Amino acid sequence: MTASLTLPPEQSANCAYFFDLDGTLAEIKPYPDQVVVPKTILQLLHQLATHNAGALALISGRSMAELDGLTTPFRFPLAGVHGAERRDINGQTHIVRLPAGIEREAGALLQTALSKLPGTTLEAKGMAFALHYRQAPEHEAALITLAECITHTWPQLALQHGKCVVEIKPKGTNKGDAIAAFMQEAPFAGRIPVFFGDDLTDETGFEVVNRAGGISVKVGSGATLATWRLDGVSDVWRWLEQINSSQQQSNTTNNRRGDYGSFSRSI
């Protein structure tokens with residue numbers, strides 16, 4: 001059973017933080033290009049990263065270029081396109097490449113097909129595609145059939161369901177593997193993972209975090225592998241305020257203890 005998360009994790013824990021973006025750090029909008037992460041939230045993310053030696057990454061279905069655009073002026077470690085591309089703390093990128101021609105041929109086929117389904121939108125991400133139907137839910141079945149046809153034609157690709165979107169991505173890539181890769185590297189290695197996500201695409205991340213004894217948090221309703229839950233994006237924002245305040249107080253207390261440590265021991 002998933003419990004409601006109302007307080008930050010235990011502050012004696014040495015945590016690494018991972019966040020999905022759409023539906024987690026930012027409210028979902030009718031179209032992806034309408035999404036905005038408030039500046040105050042970006043500042044809170046930056047503060048949380050600073051408090052934890054930089055051990056904070058964004059894990060999203062968006063491309064890394066989109067994520068950078070949404071989080072300017074900060075530059076966080078990222079996993080984009082459900083882990084098909086990743087940038088570590090040192091700026092080194094790890095990108096899954098598809099055989100030549102697949103992106104072009106599949107993209108052309110999808111563009112033609114979606115042009116006949118009013119209200120649907122094709123989002124090309126290089127090695128992946130998102131077929132959006134939020135404005136045309138009546139086309140959900142048609143898009144699923146289309147995606148299945150694409151993945152059958154090119155077995156290097158896999159279908160990923162999401163909220164009002166059908167995604168086509170490189171086979172063998174997911175958010176769980178991206179988190180696991182980060183957890184093998186500094187500054188994430190040796191810490192307890194904490195992951196916030198809202199969608200079906202985040203479930204592989206929850207599974208990896210649970211196996212590591214971490215804190216998995218589902219944002220919103222629905223069945224999930226996550227062990228904790230927040231009701232919505234505003235609750236994630238409130239939690240970020242709490243965790244930063246708590247860590248700031250903890251750091252202040254530790255500094256004071258250091259200042260007076262020798263006096264206390266002499267007593």
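Since the model is a prediction, treat every value here as computed from it, not as a measurement.
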Test side chain to side chain contact (heavy atoms under 4.5 Å, CB included) applied to Glu203 and Thr224, step by step: CA-CA 7 Å; Glu203 293 297 319; Thr224 183; 2.8 Å; yes
Stepwise side chain to side chain contact (heavy atoms under 4.5 Å, CB included) test for Arg86 and Leu78: CA-CA 6 Å; Arg86 192 172 66 87; Leu78 306 172; over 6 Å; no
Verdict with reasoning, Val35 to Leu21, per side chain to side chain contact (heavy atoms under 4.5 Å, CB included): CA-CA 10 Å; Val35 170; Leu21 193 138; 4.1 Å; yes
Steps toward side chain to side chain contact (heavy atoms under 4.5 Å, CB included) verdict (Thr173, Val81): CA-CA 9 Å; Thr173 60; Val81 196; over 6 Å; no
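In this structure, Asp68 pairs ionically with Arg75, as a charged nitrogen and a carboxylate oxygen lie closer than 4.0 Å. Using a cutoff of 4.0 Å between basic side-chain nitrogens and carboxylate oxygens, Lys29 and Asp22 are not scored as salt-bridged. With salt bridges taken as basic N to acidic carboxylate O contacts below 4.0 Å, one links Glu167 and Lys125.
The local environment of CD in Glu138 is crowded, with over 12 non-hydrogen atoms from other residues, nucleotides or ligands closer than 6.0 Å. More than 12 heavy atoms of other residues, nucleotides or ligands shown are found within 6.0 angstrom of CG on Asp33.
The shortest side-chain heavy-atom distance between His46 and Leu42 does not fall under the 4.5 Å cut-off. Arg134 is listed as a side-chain neighbour of Ile28, based on a closest heavy-atom distance under 4.5 Å. Looking at heavy atoms from C-beta onward, Leu131 lies out of side-chain contact with Val165 at the 4.5 angstrom threshold. Considering only heavy atoms from C-beta on, Met127 comes within 4.5 Å of Pro170 through its side chain.
Put simply, Trp237 and Phe18 are part of two different groups of oily side chains (I, L, V, M, F, W, Y) that touch within less than 4.5 Å, one to the next. Grouping the Ile, Leu, Val, Met, Phe, Trp and Tyr side chains by contacts below 4.5 angstrom, directly or via other members, places Phe76 with Leu70. The hydrophobic clustering, which links ILVMFWY residues whose side-chain heavy atoms are closer than 4.5 Å, places Val166 and Leu200 apart. Note: the hydrophobic cluster containing Val37 does not contain Ile59 (ILVMFWY, side chain heavy atoms under 4.5 Å, direct or indirect links). Using a 4.5 Å cut-off between side-chain heavy atoms of Ile, Leu, Val, Met, Phe, Trp and Tyr, with links allowed through other members, Met183 and Val217 fall into different hydrophobic clusters.
Remark: Lys175 engages Asp20, Thr201, Asp202 in a side-chain hydrogen bond (donor to acceptor under 3.5 Å, both in side chains) (not counting sequence neighbours).
Between Leu114 and Thr120, the shortest heavy-atom contact is O-OG1, 3.4 Å. Contact record, Met64 with Gly80: CG-N, 4.0 Å, taken as the closest heavy-atom pair. Closest non-hydrogen pair, Arg191 versus Cys15, comes out as NH1-O, 2.9 Å. Closest of all the heavy-atom pairs between Asp199 and Lys218 is N-NZ, 4.2 Å. Here the closest non-hydrogen pair linking Ile179 and Val208 is CG2-CG1, 4.3 Å. For the pair Ile102 and Leu157, the tightest heavy-atom approach, listed with the atom from each and the gap, is CG2-CD1, 4.0 Å.
Side-chain N/O atoms of Glu123 and His132 include a donor and acceptor closer than 3.5 Å. Defined by atom type and a distance below 3.5 Å, a donor-acceptor pair is present between the side-chain atoms of Asn52 and Gln247.
A distance-only check finds a donor-acceptor pair linking the side chain of Glu66 to the backbone of Ser63 [under 3.5 Å]. A donor-acceptor distance shorter than 3.5 angstrom exists from the side chain of Asn244 to the backbone of Leu48, with no hydrogens or angles considered.
In this structure, His139 has its ring center at least 6.0 angstrom away from the ring center of Tyr133. Between Phe195 and Tyr17, a ring centre-to-centre spacing not shorter than 6.0 Å is recorded.
Screening residues 90-124 for ring-ring contact (aromatic ring centres under 6.0 Å, His included), with sequence neighbours left out, gives no hits. Each ring-ring contact (aromatic ring centres under 6.0 Å, His included) pair with one or both residues in residues 19-43, not counting sequence neighbours, appears once here: Phe19-Phe196.
Rounding to the nearest 0.5 angstrom, the gap separating the CD1 atom in Ile168 from the CD atom in Gln156 is 13.0 Å.
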